[in-house]
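Each chain gets a letter, A, B and so on, in the order its sequence line appears, and its residues count up from 1. None of the values given here were measured: they were computed from a predicted structure.
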Amino acid sequence: MNKTVRVRFAPSPTGALHVGGAHTALFNWLWARHNGGKFILRIEDTDRERSTQEYEDTIMAGMRWLGLDWDEGPVKGGDYGPYRQSERLDLYHKFAEQLVEEGKAYREGTAIIFKTPSGVPLAFDDVVYGRIEVMSDTLKDTVLIKSDGMPTYNYAVVIDDHCMGITHVIRGEDHISNTPKQLMIFDALGWEYPVFGHLPMILGKDKKKLSKRHGATSVYEFRDMGYMPDSVFNFLALLGWSAGDDKEVFSREEAVSLFELSRVIRRAAVFDMDKLDHINQEHLKLLDPMVRLELVEPFWREMGLPVDDHGREYLAQSLTCLEGRGKTAREAAAYSDYFVSFKPVKERYDGSDVDEEQKATLRRFNGELLNLTDWKAAAMEEFARSWSAENSVKMRDIAMPLRMALTGMKVSPGVFEVAGQLGREEAARRLRHFGFLD
RNA sequence: GGUCCCAUCGUCCAGUGGCCUAGGACACAGCCCUUUCAAGGCUGCGACACGGGUUCAAAUCCCGUUGGGACCGCCA
């Protein structure tokens, strides 16, 4: 039968995990999980100048944040290690020597260079791009081992993919032109090709390759902006792939079962923040209240709010009150600060927009409201409706001042929901502060 | 410049010769709901780059043009 699927994500530790890399890692992970195969993390640190341990750590942390766990790789270990190219030098040298002995490569100083054969067609069937064929004559000789003893990318990839038993090479489309070079090396060593599947590029709003200029480029920036891993995962999965139906908001598990490499699209995709916002909001709505609280809490703390003054249930319930308001955890935190503290309310509002006559009306209404036996939103609303009708006052004329006094904002969830959640005492305290209650 | 890749609404996807006067989602506009804003519901705007073929029939196949992109490093 088919052998176990083994795929790898092979970043070079010369920067943080950016959107493009995360996308590639994600598709590899999806393919491994879909097939019950192995997802391998391999660090391609052959650039001595730019590779650092710090970057390696950030990349791994970024993957963990996205939930892309690897079965073999640094930290985790595995039977095909080491998983850092700088630790596999003997392997690269061994095969390079072999190539030299067979006359397929030659030395130039301490470097070893592969001699490109002429007149050889190099072809492979890409799972997403179809058959791609190039004549070897269009290729130059390529360096295998650099003067510093390190292997080059195009060489090390071949050795490692073969030696690690990689069955599917899934990577960015920018590697399509590199593939024929690697094919020559596979051929020279008499090795079978893995299956290749190239992924479309991800572009910025200006349709140029995504870079720092396009805002968020490292996955951490998404975390800091208040996006949750599940939605970034969901969003990234939708770039270049779809299950074929209209379902766009899905869980990891659903993506795993639906994913098909053959359904990957060829056209480059533009990274659209608006869509990410929407997907994040959808995921936020689906969240368990306590989990949502964990997501929002750091942002409240960042704003200096006394989170610890309240019980977990109260805080979680406060967020539930928001009912989908806010596209990110950061926004949700900003939209709900008044549940955590009265301070920001006072900073935003001073009650000076209400004249004495209006205040008198508010005092009458609020006085009765505070005496309601049932401190529930529905009961308060019902009371407010009949009271406003009897007193010929518009609902908004009592609801808006109430909202301003309780939240300090002109925008909030239903004001009686807010009052209910704050509790009778806290509501009274705030109303009194503004002279809206005796 | 050489080689390779791509081309459906502003954006992400559906579409693999007839079901397409091209479908969904985001964004945008309007309406409904309504104590505000969201959410939700409804409606609207909006695309097969162009030109040739092939075929009874093409968004779907072929060729060309144009436009994008990638690679061409002792970077990965």
Would you mind checking if [Y] and [X] are paired as a salt bridge, meaning a charged N to carboxylate O distance below 4.0 Å?
X         : Y         : value
Asp397(A) : Lys394(A) : no
Glu368(A) : Arg364(A) : no
Glu426(A) : Arg429(A) : yes
Arg348(A) : Asp337(A) : yes
Glu72(A)  : Arg42(A)  : no

Could you check how far [atom1] of [X] sits from [atom2] of [N], rounded to whole Å?
X         : N      : atom1 : atom2 : value
Ile202(A) : G68(B) : CD1   : P     : 22 Å
Ile176(A) : C6(B)  : CD1   : P     : 7 Å
Leu139(A) : U3(B)  : CG    : C1'   : 8 Å
Glu417(A) : U35(B) : CD    : P     : 13 Å
Phe235(A) : A25(B) : CZ    : P     : 17 Å
Ile279(A) : G24(B) : CD1   : P     : 18 Å
Phe250(A) : A25(B) : CZ    : P     : 16 Å
Asp277(A) : A25(B) : CG    : P     : 18 Å

Listed by chain and number, what are the side chain to side chain donor-acceptor pair (under 3.5 Å) partners of [X], not counting sequence neighbours?
X         : value
Tyr106(A) : Asp141(A)
Gln98(A)  : Glu102(A)
Asp353(A) : Tyr349(A)
Gln85(A)  : Glu44(A), Asp160(A)

Of all the nucleotides listed (C5(B), U35(B), G24(B)), which has the minimum atom distance to the side chain of Glu381(A)?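 Closest nucleotide to the Glu381(A) side chain: U35(B).
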
Heavy-atom protein contacts under 4.0 Å, nucleotides 37-49 of chain B, coded B base, S sugar-phosphate only, - none: BBSS---------

For [X], give me all partners under ring-ring contact (aromatic ring centres under 6.0 Å, His included), at least two apart in sequence or on another chain.
X         : value
His18(A)  : none
Phe259(A) : Phe27(A), Trp241(A)
Phe196(A) : Phe124(A)

Check each of Glu133(A), Lys181(A), Met184(A) against Leu122(A) using the side chain to side chain contact (heavy atoms under 4.5 Å, CB included) test, and report the only one that passes.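 Among the candidates, only Met184(A) passes.
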
Distance between the [atom1] atoms of [N] and [M], in whole angstroms?
N      : M      : atom1 : value
A29(B) : G46(B) : C1'   : 12 Å
C75(B) : A39(B) : C1'   : 49 Å
A59(B) : U8(B)  : C1'   : 7 Å
C45(B) : G10(B) : P     : 14 Å

Are the aromatic rings of Phe339(A) and Trp300(A) close, with centres under 6.0 Å apart?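 Aromatic pair excluded; centres sit 6.0 Å or further apart.
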
Could you list the protein-to-nucleotides 9-13 of chain B atom pairs, N/O on both sides, closer than 3.5 Å?
{"residue": "U11(B)", "atom": "OP1", "partner": "Lys207(A)", "partner atom": "NZ", "Å": "2.6"}
{"residue": "C12(B)", "atom": "OP1", "partner": "Val270(A)", "partner atom": "N", "Å": "2.7"}
{"residue": "C12(B)", "atom": "O2'", "partner": "Leu238(A)", "partner atom": "O", "Å": "3.3"}
{"residue": "C12(B)", "atom": "O2", "partner": "Lys275(A)", "partner atom": "NZ", "Å": "3.4"}
{"residue": "C13(B)", "atom": "OP1", "partner": "Gly240(A)", "partner atom": "N", "Å": "2.2"}
{"residue": "C13(B)", "atom": "O3'", "partner": "Ser242(A)", "partner atom": "OG", "Å": "3.3"}
{"residue": "C13(B)", "atom": "O2'", "partner": "Ser242(A)", "partner atom": "OG", "Å": "3.2"}

Nucleic acid contacts of residues 116-124 of chain A, taken as heavy-atom distances under 4.0 Å to RNA chain B: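 Within residues 116-124 of chain A, no residue comes under 4.0 Å of RNA chain B.
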
Contact class for Phe416(A) vs. all strands (heavy atom < 4.0 Å): base, sugar-phosphate, or nothing?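 Base: the residue Phe416(A), judged by heavy atoms under 4.0 Å, touches a nucleobase.
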
So what does Glu49(A) hit on the nucleic acid, given a heavy-atom distance under 4.0 Å: a base, only sugar-phosphate, or nothing?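 Counting heavy atoms under 4.0 Å across all strands, no contact is made by Glu49(A).
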
Would you tabulate the pairs of protein nitrogen or oxygen atoms and nucleotide nitrogen or oxygen atoms of nucleotides 74-76 of chain B closer than 3.5 angstrom?
{"residue": "C74(B)", "atom": "O2", "partner": "Ser147(A)", "partner atom": "N", "Å": "2.4"}
{"residue": "C74(B)", "atom": "O2", "partner": "Ser147(A)", "partner atom": "OG", "Å": "2.7"}
{"residue": "C74(B)", "atom": "N3", "partner": "Ser147(A)", "partner atom": "OG", "Å": "2.5"}
{"residue": "C75(B)", "atom": "OP2", "partner": "Lys146(A)", "partner atom": "NZ", "Å": "2.9"}
{"residue": "C75(B)", "atom": "O2'", "partner": "Asp47(A)", "partner atom": "OD2", "Å": "2.9"}
{"residue": "C75(B)", "atom": "O2'", "partner": "Arg50(A)", "partner atom": "NH2", "Å": "3.2"}
{"residue": "A76(B)", "atom": "OP1", "partner": "Thr46(A)", "partner atom": "O", "Å": "3.4"}
{"residue": "A76(B)", "atom": "OP1", "partner": "Thr46(A)", "partner atom": "OG1", "Å": "2.4"}
{"residue": "A76(B)", "atom": "OP1", "partner": "Lys146(A)", "partner atom": "NZ", "Å": "2.8"}
{"residue": "A76(B)", "atom": "OP2", "partner": "Tyr153(A)", "partner atom": "N", "Å": "3.1"}
{"residue": "A76(B)", "atom": "O3'", "partner": "Glu44(A)", "partner atom": "O", "Å": "3.4"}
{"residue": "A76(B)", "atom": "O3'", "partner": "Glu44(A)", "partner atom": "OE1", "Å": "3.1"}
{"residue": "A76(B)", "atom": "N1", "partner": "Asn178(A)", "partner atom": "ND2", "Å": "3.4"}

With ring pair (Phe, Tyr, Trp, His ring centres under 6.0 Å) as the rule and sequence neighbours excluded, what pairs involving residues 395-423 of chain A come up?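 Pairs touching residues 395-423 of chain A that pass the test: none.
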
State the pairing partner of A38(B); accept Watson-Crick or G-U wobble contacts with both distances under 3.5 Å, and report none otherwise.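 Paired with A38(B), as far as the under-3.5 Å criterion goes, is no nucleotide at all.
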
Is there a donor N/O on one and an acceptor N/O on the other, under 3.5 Å, for the side chain of Arg403(A) and the base of U35(B)?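 Looking at the base of U35(B), it does pair with a donor or acceptor on the side chain of Arg403(A) (distance under 3.5 Å).
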
